[in-house]
Protein chains: 2
Amino acid sequence: MSDRKIRNMEEFAAVSGISRPTVSKYFNDPASVRASTREKIETALKEHDYRPNIFAMNQNRKLTKNLGIVVPYLADPFFAGIARRIEDLVISAGFRPILLSSHGDAKLEVENLDSLLSIKPAGVLLAPLGRISDTAAIERFCREVPTVNFDANIDGVGEAFVGHNNAQATEMMLEYLTRTGEPPAFFEMKSPPNPNANKRRTAYVETMERMGHTPHVIQAEGEGWDIEEIGFREGARVLSQDSLPSRTVFCSNDRLAIGFLAAAYEAGIKVGLGDDCVLRVAGHDNHPFSRYTCPTLTTVSHNYSAIATKSVETVMAMIESGERAPERNSTLFDGELIMRASA
Amino acid sequence: MSDRKIRNMEEFAAVSGISRPTVSKYFNDPASVRASTREKIETALKEHDYRPNIFAMNQNRKLTKNLGIVVPYLADPFFAGIARRIEDLVISAGFRPILLSSHGDAKLEVENLDSLLSIKPAGVLLAPLGRISDTAAIERFCREVPTVNFDANIDGVGEAFVGHNNAQATEMMLEYLTRTGEPPAFFEMKSPPNPNANKRRTAYVETMERMGHTPHVIQAEGEGWDIEEIGFREGARVLSQDSLPSRTVFCSNDRLAIGFLAAAYEAGIKVGLGDDCVLRVAGHDNHPFSRYTCPTLTTVSHNYSAIATKSVETVMAMIESGERAPERNSTLFDGELIMRASA
DNA sequence: TAAATAAATTTACGCGCGTAAAATTTAAGA
DNA sequence: TCTTAAATTTTACGCGCGTAAATTTATTTA
């Protein structure tokens, strides 16, 4: 590596023996220049360690290579995990991922989109907060930037939706629980922050009725994203009142189930499949920590990689074609039953 | 709000009745212009919704308002939590946080720094991977950009270190466990990815010896960041062999403890303080999930907010003064005992 | 009220790169 | 070898803003 510092593309073009506009073209798309030219540039690149100024590039490019990723709550390992998959795919597509978390706050969600606007992203992958989201502000954003909505569906948000098939997943778990024991009660938050919760409740009620059973929905009080805490507190209340309509409890999501299991443990109630167990508990999401609950949590997994892949593919297609989809279509991926010890 | 679109600072200066260089100065620092001028600009701002082009700004500014935050593993809620605190502080200091995760991969850690370099950050807050980090590459980066090292200390990385007082925290927990029961064995990873682990082991051994007890270190095989899994697998092995030298186990960190507790549960071993319990287990970190283990985990909390605040203050001081510290100094904040049910 | 100081304006240039148009060279095919 | 299309080079301009120097205007102090 030469010690002479290259200050700009002009100088780099000089040392590589190629004109600056062609070098510019190379950095825009290496495949767009002749193989012999590409080689010359790449040889010079190894010698001189030059990199185009990202600000000057983006100032003039009609389309930046920035791609925003907004998740509702990054401290939730569930979202951290899916964000990571998406980041990897975005990088290998040659884009620069900008990961932002809304931290459960609708105002911050809009601020994040606002902040993204200022870096002219080529596209955005948005997992909205849901119920509390400022839908009008988000829609305004989506008119400016090609956006794909994932995880939590909000009508009108983004050109497409990619998510988890809550209906199929709920039905599958219900079938399993009923077949191997008894029809479960459904434990959920009274005001769930996420719209998936509503889909799951609806699917629970409808499937139960179709199966000829009476649905029992237990609603936990509490707001916000401290979901384990709500599951624990309300779980303890329900268990102490001994008011459960079924000895099987299907929690709306794993974080609620994690809290519920902790409450059961503390109450000395043995959960699981064994003869000495008095309760079965199931969750939904295959949360990273569901493998380490006591007992380990039976749950339904999202098809994370399919959702990540499809989301990225969809936004990339929009970016490349340069046009919006004629109609908003949604893709749902089926869940997978994860059988563990709790049910 | 007017419907006329403002395209650049020139046009915005025109509608606000102020010259463009003064407007530029305002955006650089609103306090640097006369109050009457500031008002005029802010009135126009409300009317016309203009925002300076961030790329054009950063291209010419000697110092951008970007501030990099690099954590080793964002899917760990521990790091997600501390990253969030730091982000908040950075934003309120008027900077734009760029959060990147190394995902446990040393190559990605260097790539992250490399990527930050291209956006000319004013400073960087780096929590390095630790043992596997490419120290030489990181040091090279630190010579270019004012960097503060936090969480895991690596000599030579950054101008300062801010972290947790592992020695004090370990000693405090040891004192508690010994006073209320018996001296614990120490459960850790054989090849811990994080240097804090080494500090904790050393503190354990030294304190035990000072107290007149024989230290017992149990080392779990296994590499990488799937720490709960390692704690579970190796915990199960240790418990099945019935080879524990003490009925109290002090885990090097909470994630290991979470796995260990799951193993104890599965082995039917009752953990806690009650008369019917045969084992006490303690952790270290006050991981967000340590409140929901079975039983709830007794642990030591970092002083998260102090660490975040001091880290941000330190890097801000470096940025403002424009000079590097004459010597690298480290600040350690004491831990706090979190007494729960497991010990 | 004049002088001293601070702030704002005018003028002018540069940052590093994208990109368009026209001229030229290169590679591929008949 | 000639034709043709593709790739490259030359030339030239613009993006939106930072910033320096000189000048003018406003505010504060004596």
Side-chain angles (χ1 to χ4, degrees), chain A residues 4-45 48-66 94 96 117-120 122 319 322, chain B residues 4-45 48-66 94 96 117-120 122 319 322:
Chain A
R4 252 196 67 223
K5 263 267 182 179
I6 303 289
R7 321 183 123 269
N8 54 36
M9 199 179 274
E10 193 78 52
E11 288 185 21
F12 177 73
V15 298
S16 60
I18 305 286
S19 74
R20 191 183 67 72
T22 304
V23 170
S24 169
K25 211 170 167 221
Y26 167 84
F27 281 111
N28 223 320
D29 175 14
S32 70
V33 303
R34 195 157 41 201
S36 61
T37 309
R38 189 161 55 246
E39 257 180 60
K40 277 201 229 170
I41 293 177
E42 278 161 4
T43 304
L45 220 43
H48 291 92
D49 175 47
Y50 158 78
R51 167 168 34 195
N53 181 307
I54 202 165
F55 301 111
M57 276 175 62
N58 286 333
Q59 179 178 17
N60 299 316
R61 242 207 270 273
K62 283 168 188 151
L63 214 61
T64 71
K65 288 279 191 176
N66 295 327
R96 166 190 281 261
L117 216 51
S118 73
I119 60 167
K120 296 193 284 188
I319 292 169
Chain B
R4 251 197 68 223
K5 262 267 182 180
I6 304 288
R7 323 184 120 270
N8 52 37
M9 199 179 274
E10 193 77 54
E11 287 186 20
F12 177 73
V15 298
S16 60
I18 306 286
S19 74
R20 192 183 66 73
T22 305
V23 171
S24 169
K25 212 170 164 220
Y26 167 84
F27 281 111
N28 223 322
D29 176 13
S32 70
V33 303
R34 195 157 38 205
S36 59
T37 308
R38 190 160 55 244
E39 257 180 58
K40 279 201 226 166
I41 292 176
E42 277 161 3
T43 304
L45 221 40
H48 292 92
D49 174 47
Y50 159 78
R51 168 168 33 194
N53 180 307
I54 202 164
F55 300 112
M57 276 175 62
N58 286 333
Q59 180 178 17
N60 298 316
R61 242 208 270 272
K62 282 165 190 154
L63 214 61
T64 71
K65 288 277 191 176
N66 295 328
R96 165 190 282 262
L117 216 49
S118 73
I119 59 167
K120 296 193 283 187
I319 292 169

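Numbers restart at 1 for each chain; the letters A, B, ... are given by sequence-line order, proteins then strands. These numbers were taken from a predicted model, which means no experiment stands behind them.
- Judged purely by distance below 3.5 Å, without hydrogens or angles, the side chains of A:E42 and A:Y26 pair a donor atom with an acceptor atom.
- For A:R20, the side chain to side chain contact (heavy atoms under 4.5 Å, CB included) test picks out A:M9, A:E10, A:A13, with sequence neighbours left out.
- Rounded to whole angstrom, the span from the CZ atom of B:R7 across to the P atom of D:dC15 amounts to 9 Å.
- B:T64 places no side-chain N or O within donor-acceptor distance of the main-chain N or O of B:N58, the cut-off being under 3.5 Å.
- Counting only heavy atoms from C-beta outward, the side chains of B:P30 and B:R38 approach each other to under 4.5 Å.
- If you check every strand for non-hydrogen atoms under 4.0 Å, B:S36 touches nothing.
- Taking atom CD1 on A:I18 and atom P on D:dT10, their separation rounds to 10 Å, with Å as the unit.
- Side chains of B:K40 and B:S16 form no contact here, defined as non-hydrogen atoms less than 4.5 Å apart.
- The nearest whole Å value for the distance from the CZ atom in A:F12 to the P atom in C:dC15 is 20 Å.
- A distance of 9.5 Å separates OG of A:S36 from CD1 of A:I41, quoted to the nearest 0.5 Å.
- Judged as a side chain to side chain contact (heavy atoms under 4.5 Å, CB included), and not counting sequence neighbours, B:T43 has no contacts.
- Counting heavy atoms from C-beta outward, B:I54 and A:F55 have side chains that stay 4.5 Å or more apart.
- C:dC15 atom P lies 15 Å from atom CE of A:M9, rounded to whole Å.
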Quick test: give all pairs of protein nitrogen or oxygen and nucleotides 23-25 of chain D nitrogen or oxygen below 3.5 Å, distance rounded to 0.1 Å.
none

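- B:N66 places a side-chain N or O within 3.5 Å of a backbone atom of B:I119 that can act as its donor or acceptor partner.
- The separation between A:E39 atom CD and D:dA7 atom P is 17 Å, rounded to whole Å.
- In this entry the distance linking NZ of A:K120 with P of C:dG18 reads 12 Å, nearest Å.
- Contact detail for B:I6 and B:H48: the closest heavy-atom pair is CG1-CB, 3.7 Å.
- Side-chain contact between A:R61 and A:N28 is present, with heavy atoms from C-beta onward closer than 4.5 Å.
- The bend of the helix from C:dT1-D:dA30 to C:dA30-D:dT1, defined by the angle between the axes of its first five and last five pairs, stands at 10° to the nearest 10°.
- Residues B:R96 and A:S118 are in side-chain contact: their nearest non-hydrogen atoms beyond the backbone lie under 4.5 Å apart.
- For DNA chain D, the residues of residues 50-60 of chain B within the heavy-atom distance limit of 4.0 Å (strictly under) are B:Y50, B:P52, B:N53, B:A56, B:M57, B:Q59, B:N60, sorted by number.
- For A:K40 and D:dA7, the NZ to P distance is 16 Å, given to the nearest whole Å.
- Contacts between residues 19-29 of chain A and DNA chain D, defined by a heavy-atom separation under 4.0 Å, are made by A:S19, A:R20, A:P21, A:T22.
- Relative ring orientation between A:Y50 and A:F27 is described as perpendicular, the plane-to-plane angle rising above 60° on a 0-90° scale split at 30° and 60°.
- Under the 4.5 Å side-chain criterion, counting only non-hydrogen atoms from C-beta, A:N8 is not in contact with A:N53.
- Rounded to whole Å, atom P of C:dT11 lies 12 Å from atom CD of B:E10.
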